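To start, the structure under review is shown below, and the notes come after it.
Atom set for the values below is all heavy atoms of this structure, side chains included, hydrogens, waters and symmetry mates excluded. In what follows, chains are A, B, ... by sequence order, proteins preceding strands, each numbered from 1. Everything numeric in this text was worked out from a predicted model, so none of it was measured.
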Protein chains: 2
Amino acid sequence: MPQFLSNNKKYYTPVEYVFSKIGGTYKMPILWRVKDRAWRYSELKKSISNVSDRMLSKNLKELCDDGFISKTIIPEVPVKVEYTMTERGQEAIPIISVLRDYGFSLMKQDGIKD
Amino acid sequence: MPQFLSNNKKYYTPVEYVFSKIGGTYKMPILWRVKDRAWRYSELKKSISNVSDRMLSKNLKELCDDGFISKTIIPEVPVKVEYTMTERGQEAIPIISVLRDYGFSLMKQDGIKD
DNA sequence: TTAGTAACTAACATTTATGTAAGTATGCCA
DNA sequence: TGGCATACTTACATAAATGTTAGTTACTAA
């Protein structure tokens, strides 16, 4: 396998690089929601089953730091925080869409009903 | 998030189901190699950087059990084992291809040379 | 009888990802 | 002053993925 470095971490494939950015249990679910409108922290919390504050804020922070979403703090009372897509984030959506479709196809092959 | 069961494990999204089948560090690298010809165990071992016997044989077994590749034992001396794609495995290739292309695109955005 | 090769397999250790519970900051309102 | 709300953050614990080392089977050739 080829290999390359980024931030002192070694990657062996481009696919591995993708998952370092948008992999894990919650990042794609977050991006998928935020794709067409601004979402508040509390909305995401309610909408994504079982996500803890720890994982939600960790993943939101990483997605911001990596440029996939952006964060707006609206100084109302109590404070309101909104997350929206960046252009880089939008580019991830077709890939997630392909994975979703493939997931449904596998589920069908395996006799799983959703 | 919606949810469904398969083999007593709970899944929340179709994407999660995809990764339960072809996710992890080595499954896509294996499928990507096996896509156009038969590969021997020892060839895969040499070709995939850093993979241990434990992970290689575990992943090969799971990919077989899940119907993505098939295994042929050729009773020469010493024994020869070959892995080839199934039709179900072939269907995964375009998805891996999309992920690879996206990986290269992210790497380019991030100034990483391969 | 010993050694060598291919393809595993099992036991145990470590690393990484995720879960749980509690606490913090800000500001308002009663 | 106390309590409530949103959006986190921290410390600690558990679970899941992967790594390491050694061993196994089956057969042949020296």
Side-chain angles (χ1 to χ4, degrees), chain A residues 1 7-13 15-30 33-34 38-65 69-84, chain B residues 1 7-13 15-30 33-34 38-65 69-84:
Chain A
M1 287 207 269
N7 295 113
N8 282 318
K9 204 202 159 310
K10 207 187 257 175
Y11 298 92
Y12 292 93
T13 68
V15 176
E16 197 182 331
Y17 193 67
V18 171
F19 293 138
S20 76
K21 298 294 176 188
I22 60 167
T25 311
Y26 303 110
K27 284 182 179 175
M28 291 193 202
I30 290 168
R33 278 165 182 74
V34 173
W39 281 63
R40 297 186 59 177
Y41 182 92
S42 52
E43 284 185 295
L44 290 167
K45 182 89 202 293
K46 256 174 247 158
S47 174
I48 300 174
S49 303
N50 301 328
V51 75
S52 61
D53 282 322
R54 179 187 178 327
M55 289 310 291
L56 183 56
S57 62
K58 185 174 180 294
N59 285 329
L60 286 170
K61 185 175 188 330
E62 288 171 5
L63 287 171
C64 283
D65 291 349
I69 58 177
S70 58
K71 171 177 173 173
T72 310
I73 301 173
I74 300 162
E76 292 177 359
V77 173
V79 72
K80 193 167 162 179
V81 177
E82 286 190 343
Y83 294 93
T84 52
Chain B
M1 289 206 266
N7 295 113
N8 283 319
K9 203 203 160 309
K10 206 188 259 176
Y11 298 92
Y12 292 93
T13 68
V15 175
E16 196 182 333
Y17 193 68
V18 171
F19 293 138
S20 76
K21 298 294 175 187
I22 60 168
T25 311
Y26 302 110
K27 283 182 178 174
M28 293 193 200
I30 291 168
R33 279 164 181 73
V34 173
W39 280 64
R40 297 185 60 176
Y41 181 92
S42 51
E43 283 185 294
L44 290 166
K45 183 87 202 293
K46 256 174 247 159
S47 174
I48 300 174
S49 304
N50 302 328
V51 75
S52 61
D53 282 322
R54 179 187 177 329
M55 289 311 290
L56 183 55
S57 63
K58 185 174 180 292
N59 285 329
L60 286 169
K61 186 176 187 331
E62 288 172 7
L63 287 171
C64 283
D65 292 349
I69 59 177
S70 58
K71 171 177 173 173
T72 310
I73 300 173
I74 300 162
E76 293 177 0
V77 173
V79 71
K80 193 166 161 179
V81 178
E82 285 188 343
Y83 295 93
T84 51

Contact summary for [X] and [Y], nearest pair of heavy atoms:
| X | Y | result |
| --- | --- | --- |
| B/R40 | B/V79 | NH2-O, 3.9 Å |
| B/R33 | B/S47 | NE-OG, 2.5 Å |
| A/L60 | A/L44 | CD2-CD1, 3.9 Å |

Looking only at side-chain atoms of [X], point me to the closest of [options].
| X | options | result |
| --- | --- | --- |
| B/V77 | D/dT28, D/dT6, C/dC8 | D/dT28 |
| B/T25 | D/dT18, C/dC8, D/dT6 | D/dT18 |
| B/D53 | C/dC8, C/dA7, C/dT18 | C/dC8 |
| A/S42 | D/dA7, D/dG19, C/dA7 | D/dA7 |

ask   = When all nucleic acid strands are considered with a 4.0 Å heavy-atom cut-off, which category describes B/S52: base, sugar-phosphate, or nothing?
value = base
query = What does B/K80 touch in the nucleic acid at a heavy-atom separation under 4.0 angstrom: a base, only the sugar-phosphate, or nothing?
reply = sugar-phosphate
message = Any N or O donor-acceptor pair under 3.5 Å from the base of C/dT18 to the side chain of A/R54?
response = yes
Taking atom [atom2] of [N] as reference, at what distance in whole Å does atom [atom1] of [X] sit?
| X | N | atom1 | atom2 | result |
| --- | --- | --- | --- | --- |
| A/Y83 | D/dT6 | OH | P | 14 Å |
| A/K61 | C/dT18 | NZ | P | 17 Å |
| A/K27 | C/dT18 | NZ | P | 9 Å |
| B/I73 | C/dA7 | CD1 | C1' | 9 Å |
| A/Y12 | D/dT18 | OH | P | 14 Å |
| A/L56 | D/dT10 | CG | P | 16 Å |
| A/M55 | D/dA11 | CE | C1' | 16 Å |
| A/Y26 | C/dT18 | OH | P | 7 Å |

note = Note: for A/P78 and B/E82 on DNA chain C, the residue whose nearest nucleotide lies more 5' is B/E82
key: Contact under 4.0 Å: A/K71 side-chain N or O vs D/dC8 OP1/OP2   = yes
query = Can you tell me if the side-chain N/O atoms of B/K46 get under 4.0 Å from OP1 or OP2 in C/dA7?
reply = no
request  = Identify, between B/G23 and A/Y41, the residue whose nearest nucleotide on DNA chain D lies closer to the 5' end.
outcome  = A/Y41
query = Should the pair B/K10 and B/Y12 be classed as cation-pi, given the thresholds of under 6.0 Å to the six-membered ring centre and 45° from the axis?
reply = no
message = I want to check a possible cation-pi pair here: A/K9 against A/Y11, using under 6.0 Å from ring centre and within 45° of the ring axis as the test.
response = yes
